[in-house]
Amino acid sequence: MSESFTVVAELSGTMHTFSCRADQTVLAAAELAGVPLPSSCCSGVCTTCAAKLSEGTVDQSEAMGVKAELQAEGYALLCVSYPRSDLKLLAGQEDAVYELQFGQFQ
Ligand code: FES
């Protein structure tokens, strides 16, 4: 049995709590729990599933769509994020990530 963590995800002002095993992506666990987090490609590229962690850490070594500086600030792509602790996060951060990665170069 893999270790299991508790995820508290805020989406559009609503808090959702579900559990997520260490070998399960946060997005997959949310889907199983019936929590409708945004997603599209499910392979770490498109950033639709971007979230900002306020507590906890994830392993997101396959997250291509978010650069390392943003990952260090707590941004994560939930479709390729495996929990390494209990998590608190704000989901639906695609626009924020886009702005942070590309906005400054325009
Ligand atoms: S759904 Fe595309 S990066 Fe996660």
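Side-chain atoms are counted along with the backbone in the values below, which use heavy atoms only and exclude waters and symmetry mates. Ligands are counted one by one from 1 in listed order, and the atoms in each one are counted from 1 as well.
- Q101 places a side-chain N or O within 3.5 Å of a backbone atom of G65 that can act as its donor or acceptor partner.
- Using a 4.0 Å cutoff on heavy atoms, C42 counts as a contact of ligand 1.
- Counting backbone and side-chain atoms alike, C49 contributes an N/O/S atom closer than 2.8 Å to atom 4 (Fe) of ligand 1.
- For ligand 1 and C41, the ligand atoms under 4.0 Å from any heavy atom of the residue are 1 (S), 2 (Fe), 3 (S).
- Taking backbone and side-chain atoms together, C46 has an N/O/S atom less than 2.8 Å away from atom 2 (Fe) of ligand 1.
- The part of T47 lying near ligand 1 is the backbone, judged by heavy-atom distances below 4.0 Å.
- L89 has its side chain out of reach of V8: every pair of non-hydrogen atoms, C-beta onward, lies at least 4.5 Å apart.
- Remark: the backbone N or O of V97 is not paired with any side-chain donor or acceptor of D95 at under 3.5 angstrom.
- A distance-only check finds no donor-acceptor pair linking the side chain of E55 to the backbone of K88 [under 3.5 Å].
- If you number the atoms of ligand 1 from 1 as listed, the ones under 4.0 Å from a heavy atom of G44 come out as 3 (S).
- Within the 2.8 Å limit, C79 places at least one N, O or S atom next to atom 4 (Fe) of ligand 1.
- If you look at L27 next to ligand 1, there are no close heavy atoms at all, none under 4.0 Å.
- S39 places a side-chain heavy atom less than 4.5 Å from the side chain of E31.
- Counting only heavy atoms from C-beta outward, the side chains of C79 and T25 never approach each other to under 4.5 Å.
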